[in-house]
Amino acid sequence: MGIVGLEERENIELQEFCRMLMASAGLHRRKDGRQQPNNKRFDLRGDDEEDMLVCVTSGVSFLGLALVDRLLRRGYSVRLVVDNQEDVEKLREMRTGGGIDDRISAVMAKLTDDDDVESLSHAFDGCRGVFHTSAFVDPAGLSGYTKSMAEIEVKASENVMKACAVTPSVRKCVFTSSLLACVWQDSTRNDLSPVINHDSWSTESLCIDKKLWYALGKLRAEKAAWKIAEEKGVKLATICPALITGPEISTRNPTATLAYLKGAQQMYQSGVLATVDITRLAEAHVGVFEAMNKAAFGRYICFDQVVDGEEEAEKLAEATSMLKNKFVGNGGSNIVQNRFELSNRKLTNLLSGRVHCCYSS
């Protein structure tokens, strides 16, 4: 996987954002150009139009784009939090020209500023829910993830949760964490469960010792979110996805992909190297959000496939533009000696009863 500069990556994301919005607008317009009503939009959420407005942070990221697309297909109106005024103006121009869905709006706010809770609260005002997708790139424009970025994750998490707590309209928040916040277990302990699920937490000291900064950032950020949610009474659910895969992953999501795969060989040998398709992950976010009115709570592990053999490793290498040795080592192995078993049963059970009514496109 080559290094993609920050400016180039932002241009790629913005181009994809425009393409997705225009495609989504086409799905909801009649031949005469008028907006096509979505007859299924109120099936589970009630008929209050205000309940359909949600906010997505990092909405122009790889995950953010897929999530916004899924929300629009479900009939929601979406407000994006962007970090520069230029993107706000571009979106405004596109809406004025009629090129995108008029259910999309944007507001500028810095997630990591010390005094930004007030501006975030302003961004969230009127929204019934917040999706914090936690997408950050290396400020230096290089593919990678440093210890300082782990600190940025935590600060953003704290600001978002504090803003949710002081915004009267916000009823619930879905927070994107990572499977890495669950799988890095201290194998020297004798009391470890062989199953890694929603109750599992990575060992912070192990992440620090191995310089797994992406895992550390996700771990600390999620813990900070839960701490504030419990203190302030914010209704929170967190989703811990495996390595996100999808079209053009090597160019559209290089920083997170490289950062996630640090320690890939050990994850592979431990049976916890897994992937999740971007569309499936977006659907899971919306499904959990809609179920929070009733059954959904706590943490959810989300993955499609465990990379447990050389054939799967070869496919992942091809998708990420990496060498297979990145995952299996120089010697390779036909059989992975699993120490752990991943379980996403909690999420599967939640979504299985809703798939027929929730995921019509």
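Just so it is clear, the structure is predicted and the values come from calculations on it, not from any experiment.
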Undergrad: Under the criterion side chain to side chain contact (heavy atoms under 4.5 Å, CB included), I'd like the reasoning laid out for L258 against M322: C-alpha separation, chi angles, the key distance, then a yes or no.
TA: CA-CA 10 Å; L258 280 177; M322 294 181 177; 3.1 Å; yes

Undergrad: Just to verify, what does S343 make a side-chain contact (heavy atoms from CB on, under 4.5 Å) with, not counting sequence neighbours?
TA: V195, N197, R345

Undergrad: Counting C-beta onward and ignoring hydrogens, is there a side-chain heavy-atom pair between V68 and I104 closer than 4.5 Å?
TA: yes

Undergrad: Output the distance between atom SG (C55) and atom CZ (R128), rounded to the nearest 0.5 Å.
TA: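 With rounding to 0.5 Å, SG (C55) is 13.5 Å from CZ (R128).
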
Undergrad: Could you check whether any side-chain N or O of S270 sits under 3.5 Å from a backbone N or O of M267, counting only pairs where one atom can act as donor and the other as acceptor?
TA: no

Undergrad: Who pairs with T176 by side-chain hydrogen bond (donor to acceptor under 3.5 Å, both in side chains), at least two apart in sequence or on another chain?
TA: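 For T176 the side-chain hydrogen bond (donor to acceptor under 3.5 Å, both in side chains) partners, ignoring immediate neighbours, are H285.
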
Undergrad: Could you give the distance from OG1 (T245) to NZ (K315), rounded to the nearest 0.5 Å?
TA: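 T245 OG1 to K315 NZ: 12.0 Å, rounded to 0.5 Å.
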
Undergrad: Same cluster or not: are V154 and I152 linked, directly or through other Ile, Leu, Val, Met, Phe, Trp or Tyr residues, by side-chain heavy atoms under 4.5 angstrom apart?
TA: no

Undergrad: Does N344 offer a backbone N or O that forms a donor-acceptor pair with the side chain of T348 under 3.5 Å?
TA: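 Pair found, side chain donor or acceptor close to backbone of N344.
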
Undergrad: Using ring pair (Phe, Tyr, Trp, His ring centres under 6.0 Å) as the criterion, list what pairs up with F124, not counting sequence neighbours.
TA: none

Undergrad: Residues in ring pair (Phe, Tyr, Trp, His ring centres under 6.0 Å) with Y214, at least two apart?
TA: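 Expected list: Y145.
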
Undergrad: Of all the heavy-atom pairs spanning V288 and L347, show the shortest one and how long it is.
TA: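 Nearest pair, atom of V288 first, then L347: CG2-CD1, 3.8 Å.
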
Undergrad: Heavy-atom distance under 4.5 Å between the side chains of H132 and V174, does that happen here?
TA: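 Contact flag for H132/V174 side chains = no.
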
Undergrad: Restricting to non-hydrogen atoms, name the atom on V328 and the atom on A313 that form the minimum distance, rounded to 0.1 Å.
TA: CG1-CB, 3.6 Å

Undergrad: Donor-acceptor check, side chain of S77 to backbone of L53, threshold 3.5 angstrom: yes or no?
TA: no

Undergrad: Please find the pair of heavy atoms, one from A274 and one from F303, that lie closest to each other, and give the distance.
TA: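 Closest approach of A274 to F303: CB-CB, 4.0 Å.
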
Undergrad: Would you say S200 and Q185 make side-chain contact, with heavy atoms under 4.5 Å?
TA: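 Side chain of S200 against side chain of Q185, heavy atoms only: contact under 4.5 Å found.
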
Undergrad: Could you grab the distance from atom OG of S58 to atom CG of L111, nearest 0.5 Å is fine?
TA: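 Interatomic distance, S58 OG to L111 CG, rounded to 0.5 Å: 5.5 Å.
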
Undergrad: Would you check if E290 and R74 make a side-chain contact, meaning some heavy-atom pair closer than 4.5 Å?
TA: yes

Undergrad: For the atom pair CG (D304) and CG (L281), what is the distance rounded to the nearest 0.5 Å?
TA: 9.0 Å

Undergrad: Hey, are the side chains of W184 and L216 touching, using non-hydrogen atoms and a 4.5 Å cut-off?
TA: no

Undergrad: Would you please test L243 and L316 for side chain to side chain contact (heavy atoms under 4.5 Å, CB included) and show each step?
TA: CA-CA 10 Å; L243 176 67; L316 180 58; 3.7 Å; yes

Undergrad: C302 and A284: which non-hydrogen atoms are nearest, and at how many Å?
TA: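 That would be SG-CB, 4.1 Å.
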
Undergrad: What pairs meet the side-chain hydrogen bond (donor to acceptor under 3.5 Å, both in side chains) rule with one or both residues in residues 201-213, with sequence neighbours excluded?
TA: E204-R220, K210-Q266

Undergrad: Quick check on the hydrophobic clustering: are L219 and V272 connected, directly or via other members, by side-chain heavy-atom contacts under 4.5 Å?
TA: no

Undergrad: Sort out for me which residue in H198, E222, K223 forms a side chain to side chain donor-acceptor pair (under 3.5 Å) with T238.
TA: E222

Undergrad: Considering residues at least two apart in sequence or located in another chain, which fulfil the side-chain hydrogen bond (donor to acceptor under 3.5 Å, both in side chains) criterion with K172?
TA: N293

Undergrad: State, with a plain yes or no, whether a side-chain heavy atom of D125 is found less than 4.5 Å away from one of V170.
TA: no

Undergrad: Evaluate the side-chain proximity of E310 to F327: yes if any heavy-atom separation is below 4.5 Å, no if none is.
TA: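 F327 vs E310: side chains apart.
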
Undergrad: Do C173 and K235 have side chains that get closer than 4.5 Å, going by heavy atoms?
TA: no

Undergrad: Using atom types as modelled and distance alone, determine if a side-chain donor or acceptor of R79 lies under 3.5 Å from a backbone N or O of C127.
TA: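 No, the answer is negative, given that no donor and acceptor are paired below the 3.5 Å cut-off.
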
Undergrad: Please report the shortest heavy-atom distance between G287 and L351, naming the atom on each side.
TA: CA-CD2, 3.9 Å

Undergrad: By side-chain contact (heavy atoms from CB on, under 4.5 Å), which residues pair with E312, not counting sequence neighbours?
TA: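 Q305, V307, D308.
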
Undergrad: With sequence neighbours left out, write down each residue that passes side-chain hydrogen bond (donor to acceptor under 3.5 Å, both in side chains) with D186, or none if nothing qualifies.
TA: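 Residues passing side-chain hydrogen bond (donor to acceptor under 3.5 Å, both in side chains) with D186: T188.
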
Undergrad: With a 4.5 Å cut-off on side-chain heavy-atom distances among I, L, V, M, F, W and Y, is there a chain of contacts connecting L350 to F175?
TA: no

Undergrad: If you measure from CZ on F62 to CG on L67, what distance do you get to the nearest 0.5 Å?
TA: 13.0 Å

Undergrad: Is there a continuous path of hydrophobic side-chain contacts, each under 4.5 Å between heavy atoms, that joins M161 to V117?
TA: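 No, M161 and V117 fall in different hydrophobic clusters.
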
Undergrad: Go through the steps to decide whether V183 and F340 satisfy the test side chain to side chain contact (heavy atoms under 4.5 Å, CB included), and finish with yes or no.
TA: CA-CA 9 Å; V183 302; F340 298 105; over 6 Å; no

Undergrad: Would I301 and L273 show up in the same hydrophobic cluster when neighbours are defined by side-chain heavy atoms closer than 4.5 Å?
TA: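 Yes, it is one cluster - the side chains of I301 and L273 are joined through contacts under 4.5 Å.
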
Undergrad: Checking side chain to side chain contact (heavy atoms under 4.5 Å, CB included) for the pair L261/K326: CA distance, chi angles, key distance, verdict?
TA: CA-CA 8 Å; L261 290 173; K326 172 74 174 179; 4.0 Å; yes

Undergrad: Please tell me whether T320 and T257 have a donor and an acceptor in their side chains that are separated by less than 3.5 angstrom.
TA: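 No, no side-chain donor-acceptor contact under 3.5 Å.
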
Undergrad: Using the ring of Y260 (Phe, Tyr or Trp, six-membered ring only), decide whether K218 places NZ or CZ under 6.0 Å from its centre and within 45 degrees of its axis.
TA: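 The answer is no; the distance or angle limit is not met.
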
Undergrad: Let me confirm one number: the CG-CZ distance from L63 to F131, rounded to the nearest 0.5 Å.
TA: 10.5 Å

Undergrad: Is it true that E231 and K227 have a side-chain N and a carboxylate O under 4.0 angstrom from each other?
TA: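 Salt bridge: yes.
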
Undergrad: Listed by chain and number, what are the side-chain contact (heavy atoms from CB on, under 4.5 Å) partners of A123, not counting sequence neighbours?
TA: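 side-chain contact (heavy atoms from CB on, under 4.5 Å) list for A123, sorted by chain: V81, V107.
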
Undergrad: If we ignore angles and hydrogens, is there a donor and acceptor under 3.5 Å between the side chains of S169 and T167?
TA: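 No, no side-chain donor-acceptor contact under 3.5 Å.
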
Undergrad: Quick one: salt bridge (Lys or Arg N to Asp or Glu O under 4.0 Å) pairs with a partner in residues 155-165, sequence neighbours left out?
TA: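 Listed once each, the pairs are D114-K155.
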
Undergrad: Does E314 have any salt bridge (charged side-chain N to carboxylate O under 4.0 Å, His left out) partners at least two apart in sequence or in another chain, and if so, which?
TA: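 E314 satisfies salt bridge (charged side-chain N to carboxylate O under 4.0 Å, His left out) with K324 only.
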
Undergrad: Closer than 3.5 angstrom, by distance alone: can the side chain of R103 be matched with the main-chain N or O of Y76 as a donor-acceptor pair?
TA: yes

Undergrad: Can you see which heavy atom on L192 is nearest to which on R339, and at what distance?
TA: CD1-NH2, 4.3 Å

Undergrad: For atom CG of L323, decide whether the heavy atoms of other residues, nucleotides or ligands shown that lie under 6.0 angstrom number more than 12.
TA: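 No - once you tally the heavy atoms of other residues, nucleotides and ligands closer than 6.0 Å, there are 12 at most.
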
Undergrad: Only counting residues at least two apart or in another chain, list the ones meeting side-chain hydrogen bond (donor to acceptor under 3.5 Å, both in side chains) with T133.
TA: none

